[in-house]
Structures are given as C-alpha cells and as structure tokens.
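Okay, so here's the structure we're looking at.
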Amino acid sequence: MNSYNKKFPELKNDRLLKAALGKDVDKVPVWVMRQAGRYLPEFQEVRSKHDFFTICRTPELACEVTLQPLRRFKHLDASIIFSDILVIPQALGMTVEMHPGVGPVFPSPLQSPSEISNLQEEGAVSRLSYVGEAITITRHKIEGKVPLIGFTGAPFTLMGYMIEGGGSKTMSKTKGWLEKYPKEVHNLLALLTRVIIDYLVMQVESGAQLLQVFESSADHLTKDQFVEISSYLRDIRKGVQTKLKEKNIEQVPMTLFAKGAGHSLNLQAGLGYEVLGLDWTMDPLEARKAVGENITLQGNLDPQDLYKSQKEVKNLTTEMVRKFGKFRYIANLGHGITPQTPIESMIVFTETVHEAV
Ligand SMILES: Cc1c2[nH]c(c1CCC(=O)O)Cc1[nH]c(c(CCC(=O)O)c1C)Cc1[nH]c(c(CCC(=O)O)c1C)Cc1[nH]c(c(C)c1CCC(=O)O)C2
C-alpha cells in the first residue's frame with residue numbers, strides 16, 4: 001500500500017502544509033482539535049446509533065464524521081481523521097470502553113509491571129488497519145478540499161491511561177510507577193514508541209498528509225520528568241522520518257502537542273517536529289521567543305473563550321492571530337473544543353482567523 005498508487009484527488013488548499021513547512025501563506029490556516037465531536041448535532045445523531053469505538057472501527061462512519069465539520073465550516077483549512085488515541089492500547093490487547101458522560105474506561109488496567117509482558121506488540125499495527133482504511137476513504141471523499149491529518153497518542157499519555165484505567169486528576173499510580181519501576185517504565189514507553197512509529201508510517205502510507213502527536217497528559221509531569229520522556233518524542237519523530245525514507249514515501253510534517261509543557265518549549269523545538277502545539281496558558285510572543293524562527297506554532301485560544309459573546313470571540317481571536325502573526329503559524333484552540341460550545345462560536349472563530357491578518 002502506497003499513497004502514490006492511490007491516485008488521490010489533487011490538494012486545492014495547502015495553507016496548512018505551507019505554514020507547517022515555513023512557506024508563505026495568503027491567510028493563516030485554521031482547524032480545531034476535536035472539530036468532529038459532540039458539539040455538532042450531526043455527530044450526536046451518528047453517535048446515538050453507534051458505540052464510539054464502532055464509529056472508529058467502521059471506515060465509512062469514521063469518514064462521515066470526519067467530513068461533518070468541513071460541510072458546516074467553510075473556513076476550515078484541515079480535517080483530522082476521526083479516531084481516538086486509545087486505539088493503541090486496544091491493539092495491544094487491552095479492553096477500552098467509552099462511557100458517555102464518563103470518558104474512557106479500562107476494565108482491567110495494568111496493575112503491576114509484570115503485566116507489561118502480556119501486551120501483544122506483534123501485529124498491533126495490523127490490528128489498526130481500519131484506521132488506515134478510514135484515512136484512505138476519507139482522502140478520496142474530501143476531494144482535495146483540505147489536507148487530512150493523522151494522529152496518535154504519545155507514549156507517556158498512553159501509559160497513563162493504561163495504568164490509571166481512564167482519565168485521572170492526579171495520575172498518582174502512573175507517577176508512582178515512574179518512581180518505583182524506572183526500568184519497566186522505560187520498557188513500556190519504548191514498546192509504545194515502536195508501535196507509534198509504525199502506526200504513524202501506516203497512516204502516511206494510507207494517505208495522512210500531516211501527523212499530530214498528542215502528549216496531552218504532559219501537564220502532570222515535572223520539568224525534569226518531561227525532559228526524560230522527551231527522548232521518546234524525539235525517537236518518534238526520527239523513527240517516522242527514517243522509515244518513510246526507507247520505504248521511499250514522501251515525508252510529511254509533524255506536530256507535537258505536549259499540553260502543559262510550555263515550560264520546555266526550547267527543548268521541544270529541538271525534537272525534530274516542524275510544528276509545536278501550544279495550550280492556552282502560553283503567551284504567543286514568549287512562545288515565539290522560546291522556539292526561534294524555524295518552528296511553526298499552533299494554537300492556542302482557550303476553549304472556554306468560545307462560550308463568550310460573538311463580539312468577544314471575534315476580538316480575542318483577532319488579538320491572538322495578530323500576536324502570532326502570519327509567519328509559521330496555524331490557528332487552533334489550546335485544547336479540544338468542548339461539548340456545549342455554541343456552533344456560532346466556531347463560525348466566528350474560523351472566519352475571524354482568515355480576516356485577521
Ligand atoms: C486524551 C485524548 C483522548 N483522545 C484524544 C486525546 C488527545 C487530545 C486531547 O487531549 O483531548 C484524541 C482524540 N479523540 C477524538 C479525536 C478525533 C478527531 C478530532 O479531533 O476531531 C481525537 C484527535 C475523538 C473523541 N474522543 C472522545 C470523544 C467523545 C466521546 C463520545 O462521543 O462519547 C470524541 C469525539 C472521548 C475521549 N477520548 C479520550 C478522552 C479522555 C475522552 C473523554 C473526554 C471527552 O469526552 O472529551 C482520550
């Protein structure tokens with residue numbers, strides 16, 4: 001399988017890819033994390049008929065919900081394949097359920113490091129082939145209107161869910177493991193890193209045009225702990241590049257979103273990623289100073305700002321885009337859009353980005 005053989009429709013809007021690679025753009029590109037999701041009635045409609053992971057595993061359904069935001073919001077410059085970061089633990093043999101109103105639940109989380117050896121690394125990526133199929137179908141159905149982003153959870157975030165058994169306010173079990181079992185933790189993070197690299201390469205082979213790595217739980221780590229786990233993030237970037245080269249597949253830009261790790265932007269800028277995602281705590285000018293001119297920044301309006309009046313959303317968005325400027329910048333929120341967000345706010349946000357500079 002190689003995307004060259006798939007004859008995908010020609011890309012008409014390449015603002016996102018240009019911005020990621022530091023080329024000039026006519027307008028600032030914009031997309032929104034979780035842009036396909038519960039704030040859209042058409043998503044709720046599909047969701048009322050199907051279990052969350054059934055949607056992920058059924059390429060036609062995943063494609064349909066990926067396309068939903070594009071139909072509504074004419075200013076979106078990218079789509080992101082509908083899936084979840086927790087499909088990797090599933091492919092390793094763990095059970096993950098999505099409970100409405102609760103979030104992900106692992107009935108049998110990892111209880112001790114000895115259970116790491118039960119994880120089924122072999123064949124994990126082939127068990128994720130449904131994501132590749134969803135990507136390929138979606139690339140055709142998008143008709144080249146905008147690029148399609150593939151994604152993965154990053155090692156520490158995935159390990160956290162696998163140990164905690166779901167979302168956690170404190171991550172105390174996981175942080176306990178970091179102290180008590182450094183060798184085993186390394187083995188697990190290294191295993192996840194290997195699977196993630198092959199999974200991302202498979203996504204590119206299937207048609208993904210940019211890859212985002214979500215280290216969403218980095219906000220639980222101390223600065224020193226983040227420095228430690230950053231080696232896996234570097235290995236992922238390098239590993240994807242090396243494998244694409246070996247397979248003679250064109251390189252794609254990659255984004256790292258390490259939520260809460262704005263304390264280490266300078267370090268992040270050296271990990272090989274073309275784009276760094278910022279959460280809403282970061283000041284655009286300080287972030288630019290920390291990363292220099294060779295990195296594209298993505299973000300970072302507070303998702304809660306979308307609950308304000310249209311006028312305020314417009315003002316805050318304009319202010320944000322002006323601070324970041326047109327050079328090496330992709331507009332987004334500082335985390336995923338939340339379920340009760342008024343649809344009108346998405347319209348104002350995306351339109352305003354295109355008008356702002
Ligand atoms: C940590 C994480 C997860 N999943 C993801 C992350 C990293 C990004 C982040 O930090 O938000 C990533 C993710 N999850 C989903 C996408 C789809 C693509 C998109 O951005 O539109 C993406 C990129 C769909 C989803 N993933 C989830 C939903 C809602 C589930 C439902 O419909 O019941 C969607 C649309 C559920 C999910 N999935 C996860 C959690 C913690 C939850 C529950 C919290 C919540 O409900 O928002 C794990």
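Start at 1 and go down the list; that is how both ligands and their atoms are numbered.
In summary, the atoms of ligand 1 found under 4.0 Å from a heavy atom of Gln35, numbered by their order in the structure, are 19 (C), 20 (O), 21 (O). The distance from ligand 1 to the heavy atoms of Ser216 drops below 4.0 Å at these ligand atoms: 7 (C), 8 (C), 9 (C), 10 (O). The Gly103 neighbourhood of ligand 1 comprises atoms 43 (C), with distances under 4.0 Å to a heavy atom of that residue. Taking every non-hydrogen atom of Phe43 and a distance limit under 4.0 Å, the qualifying atoms of ligand 1 come out as 32 (O), 35 (C). Close contacts between ligand 1 and Ser83 involve ligand atoms 14 (N), 15 (C), 16 (C), 17 (C), 24 (C) [criterion: under 4.0 Å to a heavy atom]. Shown in contact with Phe82 at under 4.0 Å from a heavy atom are these atoms of ligand 1, numbered in order with element: 24 (C), 35 (C).
Counting heavy atoms under 4.0 Å from ligand 1, residue Gln212 does not touch it at all. The residue Pro100 has no part lying near ligand 1, judged by heavy-atom distances below 4.0 Å.
Within the structure, ligand 1 has Ile81 among the residues with a heavy atom less than 4.0 angstrom away. Assignment of Gly166 to the shell around ligand 1 is not supported, since no heavy atom sits closer than 4.0 Å. Under the 4.0 angstrom criterion for non-hydrogen atoms, Phe257 is not in contact with ligand 1. At least one heavy atom of Pro104 sits under 4.0 Å from some atom of ligand 1.
Looking at Arg47, its side chain never comes within 3.5 Å of a backbone N or O of Pro41 through a donor-acceptor pair.
Distance CZ/Phe52 to CZ/Arg38: 8.5 Å, rounded to 0.5 Å.
With no hydrogens or angles considered, a side-chain donor-acceptor pair links Asp279 and Thr281 at under 3.5 Å. Side chains of Ser126 and Ser129: a donor-acceptor N/O pair is absent below 3.5 angstrom, by distance only. Judged purely by distance below 3.5 Å, without hydrogens or angles, the side chains of Tyr161 and Ser217 never pair a donor atom with an acceptor atom.
Nearest non-hydrogen protein atom to atom 2 (C) of ligand 1 is Ile85 CD1, 3.4 Å. Shortest contact from atom 37 (C) of ligand 1 to any protein heavy atom: Met98 CE, 3.5 Å. Atom 34 (C) of ligand 1 has as its closest protein heavy atom Phe52 CE1, 3.4 Å. In this structure, atom 38 (N) of ligand 1 lies nearest to the protein heavy atom Asp84 OD1, 2.7 Å.
Ring orientation note: the planes of His263 and Phe226 are nearly perpendicular, at an angle over 60° on the 30°/60° scale.
Taking 4.5 Å as the limit, every side-chain heavy atom of Gln268 sits out of range of all side-chain heavy atoms of Val291. Two residues are said to be in side-chain contact when any heavy atoms from C-beta on lie closer than 4.5 Å; Leu265 and Ile295 fail this criterion.
For atom 41 (C) of ligand 1, the nearest non-hydrogen atom from the set Tyr161, Phe151, Phe53 comes from Tyr161. Looking at Arg34, His335, Arg38, it is Arg34 that brings a heavy atom closest to atom 19 (C) of ligand 1.
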**Message:** Using the rule given for side-chain contact (heavy atoms from CB on, under 4.5 Å), can you reason through Glu293 versus Arg288, listing the C-alpha separation, both sets of side-chain angles and the distance that settles it, and then say yes or no?
**Reply:** CA-CA 7 Å; Glu293 302 288 304; Arg288 175 54 70 198; 4.0 Å; yes

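An N or O contact shorter than 3.5 Å links Arg47 to ligand 1 by distance.
Taking each heavy atom of Tyr329 and Thr296 in turn, the nearest pair found is N-CG2, 3.8 Å.
Under the 4.0 Å criterion applied to side-chain N and carboxylate O atoms, Glu274 and Arg237 are assigned as salt-bridge partners. Comment: Glu42 does not engage Arg71 in a salt bridge, judged by the lack of any side-chain N to carboxylate O separation of less than 4.0 angstrom.
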